[in-house]
Structure formats: C-alpha cells, structure tokens
Amino acid sequence: MTDRNRPLLIEVDDTSPADPGLEAPVPDTDTGPEGRALQAAARLATRRMSGLSRLAIWVFSTLFGFVLSVAAWDFVTNLLARDSLLGWVAMGLVGAAILVLALLALRELAAFARIARIDRLRQKAAEAHATADLPAARAVLSGLKSLYAGRPETAWGLSNLASHEADLFDADGLLELAERALMAPLDKAALAEIESAARQVATVTALVPLALADVAMALYANLRMIRRLSQTYGGRSSTLGNIALLRRVFAALLGAGAMALADDLIGSFTSGGLLGKLSRRFGEGVVNGALTARVGLAAMEACRPLPFRALEKPGTTATISRALAGFLNREKAETA
C-alpha cells in the first residue's frame, strides 16, 4: 500500500535542453516584401515557348492570313461583278491595308537595324578601348556623328567634339571626349525616365489591390521605359524591337540573380524591413519600384552606344533613392 505521507514522483522522458536559449527559434513565415509583381513580369517576359507551340502559332497564323486574303479577294471580285464603283472602292481599301502592313513591317525592320547598329558601335568602341586603335576610334566617332546629327540635345556636344577631335591622337582620349560631349545629356534624360517609371510602378503596386494589375502594370511600365530609353539613345520606336530588348534585359538580370532583391538593398537608404511590416502593400511598392530602377539601369547600358568609361556609371542605390524619395515620404506619413 502506498504511503500517503510520501511525495508522489512521476518520471517523464523529457529530452528538451534545460537552457531555453538552446531551443530552436520560432520560424518567421513573413519574409517581407519581395517584389513579386516585377519578378512575375520578368518570368513572363523571358519565358520561351516550346517548338510545338511556335509551330502551332506559325501554322494557325498562316492559315488565318490565307483565309483572310482569299475572303478579301472573293469579296472584292464579287463586289466588282455587282457594282464596279463599290468594287473599286473595296479594292482601294484592301490595297491601303496591304500598304499599311508593309510600312509596319519596314518600321520593325528599321528598328531592328537601328538596335543592331547601336550594338555594333558599342562593341567597336570597347574593342578600340582595349586595343588603343585610333582608326577604329575615329570610325566609332563618325558613326556617333551620323547617329546624333540633327538632334537638339546633342548639338552642343557635336560642335564641341568637332572643335577638339583634331587635337587628340589616342583612341582613349577621343572616345572619352565623345562620351563626355554626347552621352552626358542623354544619360540625364535616361535617368529621368528610369526614376519616373520606378515611381509609377511603386505607386500602382501600393495603391491597386488587384492581384494581376500590378504584374500588368510592371510589364507595361518597363516596356514603355525601355522604348523611351531606346529612343533617347538613338533607337527607333518598334513593338517587336522593344519586346526583344525587354526580354534581353530581363534575361540578363535573371541570369545574374539581380532580380532577387531583398530588404538589405533598399535598407541602405530606407528601413525597408520596417516598411514591409508596417504596410505590406507599400513595402511591395518600394521593392517593385527598386526592381524597375534596376531594370532601367540595365536597359540603359544595353541601349547606350558607348560603354561607361569617362562618365561614372549610375549607382543602383542612388538611383533608387532619387526615384522613390517622394513615395517613401508619403509612406512614412501614412504609417506614422
């Protein structure tokens, strides 16, 4: 029989450490803002279709064009048989449509040729810098003069270049003079476009609660930003050319891991983690705006006909700070 005066002891198999400090920390499921909208837009823009998908698109588009052309031909011939005046009007409209399509195709080809021309100038300039080839540097200079002739923002730079190029007899000095004279005003305009796009993406992400609206806005804003950057540095407006340039920039950033933006990047100029905890949507807006600025800087290098040497390359943190200054002030007022 158990003695009631003795204390009751119950043995429990407890393998937990005696020191609470040795326990594993509680996992934090809230990882903060990650810029999901722009990362999703980048994945959509760089997604490559399979061979079967491309074949299906080509077959159905060709079939659609063939059926449309036969239907238009039958429509015009039948209308000519019924009424010659209406038939000739329909033929004129069909001819105008074909002419417009041909002009659009020529514009796309001209835009691709312009992008290729700028790429060749940048490659030749890099080679002239590396080999100190003076004739190659003068060829690059001639190409830049032809590219920027007649533009008011480069008029002073062209005149300055014409008055000083005869005094230089080394490739590095000649190309650095061209970069300071021609690229400085264009870089300023390009940075203004990048900052405007970053603010726009950040504002839409913070204020629009719809699920796919921020992704669509990120794609649209980045495509428009790249189009304007291409026009700033001498490219032509082209839908297919701008999409190809956007895919190239996104692919380069994704390949380098630059699209994986964490809180420590924006933490250098604002308390990004604090903002993400106080206001989730505003934190996403900050990160998406910062990613847009990073995409713009990469597109700036891709559209620029000269690599950064004489002029300082714009820093990511400084550009994001200028772009999101007003947005962050607004968020701090909202969360205060």
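Only heavy atoms go into these numbers, but all of them, side chains included; no hydrogens, no water, no symmetry mates.
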**Student:** Kindly compute the distance separating CG (L103) from CD1 (I98), expressed to the nearest 0.5 Å.
**Tutor:**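 If I round to the nearest 0.5 Å, the distance is 12.0 Å.
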**Student:** Any link between F308 and L175 through a network of hydrophobic side chains (Ile, Leu, Val, Met, Phe, Trp, Tyr) touching at under 4.5 Å?
**Tutor:**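 Cluster IDs for F308 and L175 match.
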**Student:** Looking only at non-hydrogen atoms, find the nearest pair between M225 and A197 and report the distance.
**Tutor:**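 Nearest pair, atom of M225 first, then A197: SD-CB, 3.6 Å.
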**Student:** Looking at T319 and G315, what are the two nearest heavy atoms and their distance?
**Tutor:**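 Shortest heavy-atom separation between T319 and G315 comes out as OG1-O, 2.7 Å.
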**Student:** Would you compute the distance between atom CZ of R117 and atom CD1 of I115 and round it to the nearest 0.5 angstrom?
**Tutor:**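 Answer for the CZ-CD1 pair, R117 versus I115, is 13.0 Å.
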**Student:** Looking at F75, I want to see if its CZ is surrounded by more than 12 non-hydrogen atoms of other residues, nucleotides or ligands under 6.0 Å.
**Tutor:**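 Atom CZ in F75 is not packed in, count stays at 12 or less.
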**Student:** State whether a side-chain donor-acceptor pair under 3.5 Å links R228 with S196.
**Tutor:**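 There is no such pair between these side chains.
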**Student:** Does CZ in F112 sit with more than 12 non-hydrogen atoms of other residues, nucleotides or ligands closer than 6.0 Å?
**Tutor:**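 Counting neighbours around CZ of F112, more than 12 heavy atoms of other residues, nucleotides or ligands fall under 6.0 Å, so yes.
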**Student:** Do Y148 and M300 sit in the same hydrophobic cluster, where Ile, Leu, Val, Met, Phe, Trp and Tyr count as joined when their side-chain heavy atoms come under 4.5 Å apart?
**Tutor:**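 Linked, Y148 and M300 end up in one cluster.
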**Student:** Looking only at atom types and distance, does a side-chain atom of R322 sit under 3.5 Å from a main-chain N or O of E195, one as donor and one as acceptor?
**Tutor:**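 Not at all, since once roles are kept as given, no pair shorter than 3.5 Å links the two residues.
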**Student:** Would you say L223 and L104 are hydrophobically clustered, going by side-chain heavy atoms of ILVMFWY under 4.5 Å?
**Tutor:**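 No, because L223 and L104 fall into different hydrophobic clusters, even though each may have its own neighbours under 4.5 Å.
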**Student:** When you look at W88 and V76, which way does the side chain to side chain contact (heavy atoms under 4.5 Å, CB included) test go after all the steps?
**Tutor:** CA-CA 8 Å; W88 283 109; V76 171; over 6 Å; no
**Student:** Could you list the donor-acceptor pairs under 3.5 angstrom formed by side chains in residues 62-69, with sequence neighbours left out?
**Tutor:**
unit_1	atom_1	unit_2	atom_2	d
T62	OG1	W58	O	2.7
S69	OG	G65	O	3.1
S69	OG	F66	O	2.7

**Student:** Any sub-3.5 Å donor-acceptor pair from S84's side-chain atoms to L80's backbone N or O?
**Tutor:**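 Between the backbone of L80 and the side chain of S84 there is no qualifying donor-acceptor contact (under 3.5 Å).
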**Student:** Do L186 and L182 make a side-chain contact, defined as non-hydrogen atoms from C-beta onward lying under 4.5 Å apart?
**Tutor:**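 No, their side chains stay 4.5 Å or more apart.
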**Student:** Shortest non-hydrogen contact from A293 to I320?
**Tutor:**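 The answer is CB-CG1, 3.7 Å.
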**Student:** Which distance, rounded to the nearest 0.5 Å, do you find between the CE of M91 and the OG1 of T77?
**Tutor:**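 Going from the CE atom of M91 to the OG1 atom of T77 covers 8.5 Å.
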**Student:** What closest approach, in Å, do A202 and G289 show between heavy atoms, and which atom pair accounts for it?
**Tutor:**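 Shortest heavy-atom separation between A202 and G289 comes out as CB-CA, 4.1 Å.
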**Student:** Can you tell me if N160 uses its side chain to pair, donor with acceptor, with the backbone of W156 under 3.5 Å?
**Tutor:**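 Pair absent, no side-chain N/O of N160 close to backbone of W156.
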**Student:** For the CG atom of L219 and the CE atom of M217, what is their distance to the nearest 0.5 Å?
**Tutor:**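 CE of M217 is found 10.5 Å from CG of L219.
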**Student:** Table please: side-chain donor-acceptor pairs of residues 127-143 below 3.5 Å, with sequence neighbours left out.
**Tutor:**
unit_1	atom_1	unit_2	atom_2	d
H129	ND1	D172	OD1	2.9
T131	OG1	E127	O	2.7
R138	NH2	L168	O	3.2

**Student:** What about L121 and L311, same hydrophobic cluster or not, with Ile/Leu/Val/Met/Phe/Trp/Tyr joined at side-chain heavy-atom distances under 4.5 Å?
**Tutor:**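 Yes, L121 connects to L311 through the hydrophobic network.
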**Student:** I need the N222 CG to N288 CG distance, nearest 0.5 Å.
**Tutor:**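 Taking CG in N222 and CG in N288, the distance rounds to 9.5 Å.
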**Student:** Are L306 and L144 packed together at the side-chain level, in the sense that at least one heavy-atom pair is separated by less than 4.5 angstrom?
**Tutor:**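 SC-SC contact between L306 and L144 confirmed.
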**Student:** Return yes if some donor-acceptor pair links the side-chain N/O of R122 with the main-chain N/O of A302 below 3.5 Å, else return no.
**Tutor:**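 Here the side-chain-to-backbone pair exists.
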**Student:** Do K313 and E301 sit within salt-bridge range, that is, some charged N less than 4.0 Å from a carboxylate O?
**Tutor:**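 Looking at E301 together with K313, the answer is yes, because their closest N to O distance falls below 4.0 Å.
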**Student:** Is there a donor in the side chain of R114 and an acceptor in the side chain of Q231, or the other way round, less than 3.5 Å apart?
**Tutor:**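 Not at all, the side chains of R114 and Q231 share no donor-acceptor pair under 3.5 Å.
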**Student:** With side chain to side chain contact (heavy atoms under 4.5 Å, CB included) as the test, would you mind laying out the steps for K188 and M183 before giving the verdict?
**Tutor:** CA-CA 9 Å; K188 185 177 180 180; M183 295 294 106; over 6 Å; no
**Student:** Any non-hydrogen side-chain atom of L191 less than 4.5 Å from a side-chain atom of P314?
**Tutor:**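 L191 vs P314: side chains touch.
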**Student:** Within this structure, what is the OG1-CZ distance for the pair T292 and R294, rounded to the nearest 0.5 Å?
**Tutor:**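 It comes to 11.5 Å.
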**Student:** Do T232 and D187 pass the side chain to side chain contact (heavy atoms under 4.5 Å, CB included) test, and can you show the C-alpha distance, the side-chain angles, and the key distance before you say yes or no?
**Tutor:** CA-CA 9 Å; T232 299; D187 290 343; over 6 Å; no
**Student:** Is any NZ, NE, NH1 or NH2 atom of the basic residue among R304 and E179 found under 4.0 Å from an Asp or Glu carboxylate oxygen of the other?
**Tutor:**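 Salt bridge between R304 and E179, a charged N being under 4.0 Å from a carboxylate O: yes.
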**Student:** Looking at every non-hydrogen atom in both residues, tell me the closest pair between L158 and A149 and how far apart they are.
**Tutor:**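 Nearest heavy atoms, L158 then A149: CD1-CA, 4.1 Å.
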**Student:** Do you know the tightest heavy-atom contact between C303 and I118?
**Tutor:**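 Minimum heavy-atom contact is O-CG2, 3.4 Å.
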**Student:** Can you tell me if CD on Q123 sees more than 12 non-hydrogen neighbours from other groups inside 6.0 Å?
**Tutor:**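 Counting other residues, nucleotides and ligands, CD of Q123 stays at 12 neighbours or fewer.
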